[in-house]
Amino acid sequence: MNTKKVLILGVNGFIGHHLSKRILETTDWEVYGMDMQSERVSDLLDHPRMHFFEGDITINTEWVEYHVKKCDVILPLVAIATPSTYVKEPLRVFELDFEANLPIVRSAAKYKKHLIFPSTSEVYGMSQDAEFDPENSSLVYGPINKPRWIYACAKQLMDRVIWGYGMEGLNFTLFRPFNWIGAGLDSIHTPKEGSSRVLTQFFGHIVRGENIQLVDGGQQKRAFTYIDDGVDALMRIIENKDGAATGKIYNIGNPVNNYSIRELAGMMLDLAADYPEYAEGARRVALVETTSGAYYGNGYQDVQNRVPKIENTCAELGWSPKVTMADALRHIFDAYRGQVVQARSLVDGI
């Protein structure tokens with residue numbers, strides 16, 4: 001088997017750095033990575049098969065096209081994926097998530113590469129289906145005055161464009177992550193509400209002993225997936241044994257780990273009590289209910305349940321999610337033990 005050359009744009013991001021680490025540890029593949037920062041991949045930079053370039057996909061377009069041509073597998077992971085940004089700066093979301101990624105998609109088609117593109121569980125929107133089916137579920141969004149949907153809409157349009165290129169011969173796989181969680185998801189040092197994903201947000205509050213705000217009572221449910229399970233699926237897609245993943249859309253999630261946001265907060269507080277580093281802060285935390293309008297702004301709408309149908313993912317990739325919610329949370333709490341003092345110090349000056 002030829003050594004694969006894998007291009008990861010956004011290599012310093014949550015998925016990018018976990019995937020790079022797994023590739024370098026378990027295969028003989030080469031990783032070509034671009035990002036604007038490198039703190040998450042700093043321990044990988046000296047690896048002989050890691051080729052890192054500090055750059056921006058919107059500026060260093062020639063570097064990107066050259067490396068699309070040079071590599072076998074293309075993963076454009078650069079995107080804004082924080083709900084507060086969808087509501088407050090929808091144009092930024094469209095410009096990066098759609099416009100800046102479109103030339104990369106076109107280059108992959110031009111040079112006949114395997115494009116593995118991150119769609120999102122958000123594309124299903126407010127679908128009423130008990131399980132979101134990548135081949136049959138309708139994609140349902142709110143009105144235009146709810147800019148929260150621009151992210152889902154931009155991602156859906158990209159899915160449709162990629163599918164169109166597939167009809168003309170592009171080797172592509174779309175994957176839809178369902179609430180992947182793990183160490184390095186966002187910075188726990190970001191105190192601003194809504195600036196990070198829910199798990200990191202709650203974790204930062206626990207460390208700093210701040211109240212946790214439950215948007216609309218925290219009744220909305222999510223199926224959480226541990227990053228290692230997600231990366232397992234991505235590795236199989238990159239390998240693409242016998243072309244099984246070509247032209248496919250895969251939900252990558254764990255339907256067993258389906259919990260409400262309120263339940264998540266409770267589990268995290270219970271677990272924090274077991275750790276000397278976190279217990280003191282956790283004792284000061286109260287659960288406070290707030291409205292989505294107060295928390296995110298009037299342009300927000302939410303989905304009450306989001307469960308992935310994963311039968312085709314499991315059958316075609318020989319994959320299944322294995323990490324329980326309890327184990328996933330414990331892994332995350334263990335990973336951040338050394339950062340508690342820095343995170344706590346952010347209380348000053350807020």
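Values in this document were obtained by computation on a predicted structure and should not be read as measured data.
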Do any N or O atoms from the side chain of [X] and from the backbone of [Y] form a donor-acceptor pair under 3.5 angstrom?
{"X": "Arg148", "Y": "Pro83", "result": "no"}
{"X": "Tyr278", "Y": "Arg337", "result": "yes"}
{"X": "Asn251", "Y": "Phe132", "result": "yes"}
{"X": "Gln128", "Y": "Met126", "result": "yes"}
{"X": "Asp97", "Y": "Ile80", "result": "yes"}
{"X": "Asp242", "Y": "Ala244", "result": "no"}

Phe172 and ring-ring contact (aromatic ring centres under 6.0 Å, His included): which partner among Phe117, Trp163, Tyr165? Trp163

How about [X]: does its [atom1] atom have over 12 heavy atoms from other parts shown lying under 6.0 Å from it?
{"X": "Lys221", "atom1": "NZ", "result": "yes"}
{"X": "Lys146", "atom1": "NZ", "result": "yes"}
{"X": "Asp46", "atom1": "CG", "result": "no"}
{"X": "Asn298", "atom1": "CG", "result": "no"}

Going hydrophobic residue to hydrophobic residue with side-chain gaps under 4.5 angstrom, can you get from [X] over to [Y]?
{"X": "Tyr226", "Y": "Met235", "value": "yes"}
{"X": "Phe224", "Y": "Ile212", "value": "yes"}
{"X": "Met36", "Y": "Leu9", "value": "no"}
{"X": "Val78", "Y": "Val41", "value": "no"}
{"X": "Leu264", "Y": "Tyr336", "value": "yes"}

Electrostatic pair [X]-[Y], nearest N-O below 4.0 angstrom:
{"X": "Glu316", "Y": "Arg236", "result": "no"}
{"X": "Lys4", "Y": "Asp72", "result": "no"}
{"X": "Asp327", "Y": "Lys322", "result": "no"}

With a distance cut-off below 6.0 Å to the six-membered ring centre and an angular limit of 45° from the axis, does Arg176 pair with Tyr124 as a cation-pi contact? yes

Are side-chain heavy atoms of Pro255 and Pro308 found at a separation under 4.5 Å? yes

What I'd like to find out is whether the side chain of Lys309 reaches to under 4.5 Å of the side chain of Asn136, using heavy atoms alone. no

Closest contact, heavy atoms only, [X] versus [Y]:
{"X": "Leu287", "Y": "Ala265", "result": "CD2-CB, 3.9 Å"}
{"X": "His205", "Y": "Val285", "result": "O-CG2, 4.0 Å"}
{"X": "Asn60", "Y": "Gly55", "result": "OD1-CA, 3.2 Å"}
{"X": "Gly217", "Y": "Gln219", "result": "O-NE2, 3.1 Å"}
{"X": "Val123", "Y": "Ala152", "result": "CG1-O, 3.9 Å"}
{"X": "Ile249", "Y": "Asn312", "result": "O-ND2, 3.1 Å"}

Report the distance from atom [atom1] of [X] to atom [atom2] of [Y], rounding to the nearest 0.5 Å.
{"X": "Thr61", "Y": "Ile104", "atom1": "OG1", "atom2": "CD1", "result": "9.5 Å"}
{"X": "Thr313", "Y": "Trp319", "atom1": "OG1", "atom2": "CH2", "result": "6.0 Å"}
{"X": "Leu329", "Y": "Ile181", "atom1": "CG", "atom2": "CD1", "result": "5.5 Å"}
{"X": "Ser119", "Y": "Arg160", "atom1": "OG", "atom2": "CZ", "result": "10.5 Å"}
{"X": "Ile8", "Y": "Tyr32", "atom1": "CD1", "atom2": "OH", "result": "12.5 Å"}
{"X": "Leu75", "Y": "Ile15", "atom1": "CG", "atom2": "CD1", "result": "9.5 Å"}

Please list, chain by chain and in numerical order, all residues satisfying side-chain hydrogen bond (donor to acceptor under 3.5 Å, both in side chains) with Arg22, sequence neighbours excluded. Asp232

Who pairs with His51 by side-chain hydrogen bond (donor to acceptor under 3.5 Å, both in side chains), at least two apart in sequence or on another chain? Glu30

Mind checking whether Trp63 and Phe53 have ring centres under 6.0 Å apart? yes

Using ring centroids (six-membered ring only for Trp), state whether Phe333 and Phe203 fall under 6.0 Å. yes

Between Arg306 and Glu122, does a side-chain contact (heavy atoms from CB on, under 4.5 Å) hold up when you go through it step by step? CA-CA 9 Å; Arg306 199 186 277 176; Glu122 294 242 346; 3.3 Å; yes

With a 3.5 Å cut-off and no angle check, do the side chains of [X] and [Y] form a donor-acceptor pair?
{"X": "Tyr111", "Y": "Glu65", "value": "yes"}
{"X": "Asn305", "Y": "Asn258", "value": "yes"}
{"X": "Thr225", "Y": "Asn254", "value": "no"}

Let's go through Gln156 and Trp149 carefully: what are the C-alpha distance in whole Å and the side-chain angles of both, what is the deciding distance for side-chain contact (heavy atoms from CB on, under 4.5 Å) to 0.1 Å, and is it a yes or a no? CA-CA 10 Å; Gln156 184 198 150; Trp149 296 113; over 6 Å; no

Derivation of the salt bridge (Lys or Arg N to Asp or Glu O under 4.0 Å) call for Arg330 and Asp274: CA-CA 10 Å; Arg330 195 165 285 282; Asp274 294 345; 3.5 Å; yes

Show, in sequence, the C-alpha distance, side-chain angles and deciding distance for Ile238 and Thr27, and conclude whether the side-chain contact (heavy atoms from CB on, under 4.5 Å) test is met. CA-CA 11 Å; Ile238 295 169; Thr27 72; over 6 Å; no

Determine whether Leu7 and Lys70 satisfy the following criterion, side-chain contact (heavy atoms from CB on, under 4.5 Å), listing intermediate values before the conclusion. CA-CA 9 Å; Leu7 176 62; Lys70 175 183 176 120; over 6 Å; no

Classify the ring geometry of Phe98 against Phe94: parallel below 30°, tilted from 30° to 60°, perpendicular beyond 60°. parallel

